[in-house]
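Structure first, then comments.
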Amino acid sequence: MNLERYRQLCQKNESENYLLDKYIFRKISIYVTILFIRLNITPNQATFLSLLACLGSLYFLLFHSAGMLIIAALLIFTYYILDHVDGELARYYIQTGRMKPSLSGHYFDVLVHRYSSNIMVLFLGLGIYRQLGYESAVLLGFIACIGISSFPNVIAAQVIAGKIANDRDVVFHQPEMNRILLDIEKKSQQIQEIHGGSLFQKAKKLMIELFFFPGHIVLLILALLGDALLGNFVLGGQLVNFRLLFLLVMAFIYTAKTVAQSILWINKLKNLA
């Protein structure tokens, strides 16, 4: 089987909903996926390996030597590649009749995905505190951790799931519910922006990806490599590094996003009885 056939069977292709994934990470992950297929590694095993890479990075994030930072960056990169590989394995095994779709597998994947990069930034803050003694770095790491978790969306999903469980006809009787469900699961909108959107829409989506998901993972890796190569420097009379600047930016933009999402959800849910 040639590489293109593997891509057709394993990857999202026309259903891809992130530009960075489409043009960067999928180009790399397919080779790991092919190796895992030949080793008969299951999607859940790949997810577990991504979890181990995530947890392993936490230890190295606490240190500031060049070697430790490079290892942390490599583990985070490995985590994110494997986060693609598990889905590609699942598609391959389902397409070839070797596995049936499983919500439990999907749940495990989302669970690891949801609590990975946010924990990384928390430990990043702890590492900066250990190096520079800035207590504010711990607070920034915590704020960024909470923001990256996108808890307003999680809470909205829980509230709406409870509403549907108690009144199953609400989906059919209230058109607003369908619009809200699409707001929670934005894949269709993201796919449209990538494959059918204008150049402006694609550029806008790329900018959003760079500062939010999955760009914050790329920026985290770059901050670690930047500090490994250049170390600390003085900015505005304060000793700083790229990791600290990364935390400052993440804490600010994710706090703003969390507040905006909370307000939007409160206003949207007002219209539901």
Can you name the residues that form a side-chain contact (heavy atoms from CB on, under 4.5 Å) with L139, not counting sequence neighbours?
I143

Measure across A144 and A251 and return the closest heavy-atom pair with its distance rounded to 0.1 Å.
CB-N, 4.1 Å

Taking the side chain as every heavy atom from C-beta outward, state whether N44 and D86 have any atom pair closer than 4.5 Å.
no

Across all chains, not counting sequence neighbours, the salt bridge (charged side-chain N to carboxylate O under 4.0 Å, His left out) partners of D227 are R243

Do the side chains of V249 and L245 get nearer than 4.5 Å, heavy atoms only?
no

Decide whether L61 and L52 are clustered together by the hydrophobic rule: side chain heavy atoms of Ile, Leu, Val, Met, Phe, Trp, Tyr closer than 4.5 Å, transitively.
yes

Run the side-chain contact (heavy atoms from CB on, under 4.5 Å) test against N40 and tell me which residues pass, sequence neighbours left out.
R98

Closest non-hydrogen contact found for A137 with L247 is O-CD1, 3.8 Å

Sequence neighbours left out, what pairs pass ring-ring contact (aromatic ring centres under 6.0 Å, His included) with at least one residue falling in residues 30-73?
Y59-F63

To the nearest 0.5 Å, atom SG of C10 lies from atom CD1 of I94 at 11.0 Å

Name the atoms and distances for all side-chain donor-acceptor pairs under 3.5 Å in residues 214-221, with sequence neighbours left out.
residue : atom : partner : partner atom : Å
H216    : ND1  : F212    : O            : 2.9
H216    : ND1  : Y254    : OH           : 3.3
H216    : NE2  : S117    : OG           : 2.9

Applying a strict under-4.5 Å side-chain criterion to I, L, V, M, F, W and Y, I'd like to know whether L9 and L3 cluster together.
yes

Roughly how far apart are R5 CZ and Y92 OH, rounded to 0.5 Å?
9.5 Å

Here the pair of heavy atoms bringing A73 nearest to L225 is CB-CD2, 3.8 Å

Minimal non-hydrogen separation, V85 against A46, with atom names
CG1-CB, 4.4 Å

Pairwise distance OG1(T33) to CZ(R7) - rounded to 0.5 angstrom
10.0 Å

Non-hydrogen side-chain atoms of Q201 and K204 separated by less than 4.5 Å
no

What residues form a salt bridge (charged side-chain N to carboxylate O under 4.0 Å, His left out) with K205, not counting sequence neighbours?
E209

Within a strict 4.5 Å, meaning less than it, do heavy atoms of the L122 and L58 side chains meet?
no

Do Q238 and Y134 have side-chain heavy atoms sitting under 4.5 Å apart?
yes

Distance in Å, I208 CD1 paired with L19 CG, rounded so as to fall on 0.5 Å steps
10.5 Å

Stepwise side-chain contact (heavy atoms from CB on, under 4.5 Å) check, L89 with T42:
CA-CA 7 Å; L89 286 172; T42 68; over 6 Å; no

Filter on ring-ring contact (aromatic ring centres under 6.0 Å, His included), then keep only pairs touching residues 223-243, sequence neighbours left out; what's left?
F233-F242

Output, in order, the C-alpha distance, side-chain angles, deciding distance and verdict of ring pair (Phe, Tyr, Trp, His ring centres under 6.0 Å) for H113 and F213.
CA-CA 11 Å; H113 171 77; F213 182 84; 4.9 Å; yes

Side-chain heavy atoms nearer than 4.5 Å, only ILVMFWY residues, links allowed to pass through others: does that put I28 and I37 together?
yes

Please check if I148 and V154 belong to a single hydrophobic cluster, counting links between Ile, Leu, Val, Met, Phe, Trp and Tyr side chain heavy atoms closer than 4.5 Å.
no

Checking L74 now: which residues fulfil side-chain contact (heavy atoms from CB on, under 4.5 Å) with it, not counting sequence neighbours?
I70

Partners of C54 by side-chain contact (heavy atoms from CB on, under 4.5 Å), sequence neighbours excluded?
Y79, S116, M120

Which atom pairs, one a donor and one an acceptor, fall under 3.5 Å between side chains of residues 105-112 and the rest of the protein, sequence neighbours left out?
none

Taking atom CG as the centre, does L103 end up with more than 12 heavy-atom neighbours from other residues, nucleotides or ligands that are less than 6.0 angstrom away?
no

Taking the side chain as C-beta and beyond, is there a heavy-atom pair between V240 and N232 under 4.5 Å?
no

Pairwise distance CG(L69) to CD(Q131) - rounded to 0.5 angstrom:
8.0 Å

side-chain contact (heavy atoms from CB on, under 4.5 Å), that's the test. Do L132 and N241 meet it? Break it down for me.
CA-CA 10 Å; L132 300 178; N241 52 40; 3.8 Å; yes

Joint hydrophobic cluster, F200 plus Y23, side-chain heavy atoms closer than 4.5 Å:
no

Is there a side-chain contact (heavy atoms from CB on, under 4.5 Å) between L124 and L224 once you walk through the steps?
CA-CA 9 Å; L124 188 72; L224 290 167; 3.9 Å; yes

Can you list every side chain to side chain donor-acceptor pair (under 3.5 Å) pair that touches residues 145-160, not counting sequence neighbours?
N153-W265

For residues M99 and P43, determine if any side-chain heavy atom of one lies less than 4.5 Å from a side-chain heavy atom of the other.
yes

Does the side chain of I128 come within less than 4.5 Å of V138's, by heavy atoms?
no

Let me know which of K27, R26, Q11, H84 forms a side chain to side chain donor-acceptor pair (under 3.5 Å) with D21.
H84

State which residues pass salt bridge (charged side-chain N to carboxylate O under 4.0 Å, His left out) with K268; sequence neighbours excluded, sorted by chain then number.
D183

CG on L62 to OG on S57, rounded to 0.5 Å
9.5 Å

Going through the checks in order, is the side-chain contact (heavy atoms from CB on, under 4.5 Å) test met by Y18 and F25?
CA-CA 10 Å; Y18 290 108; F25 294 104; over 6 Å; no

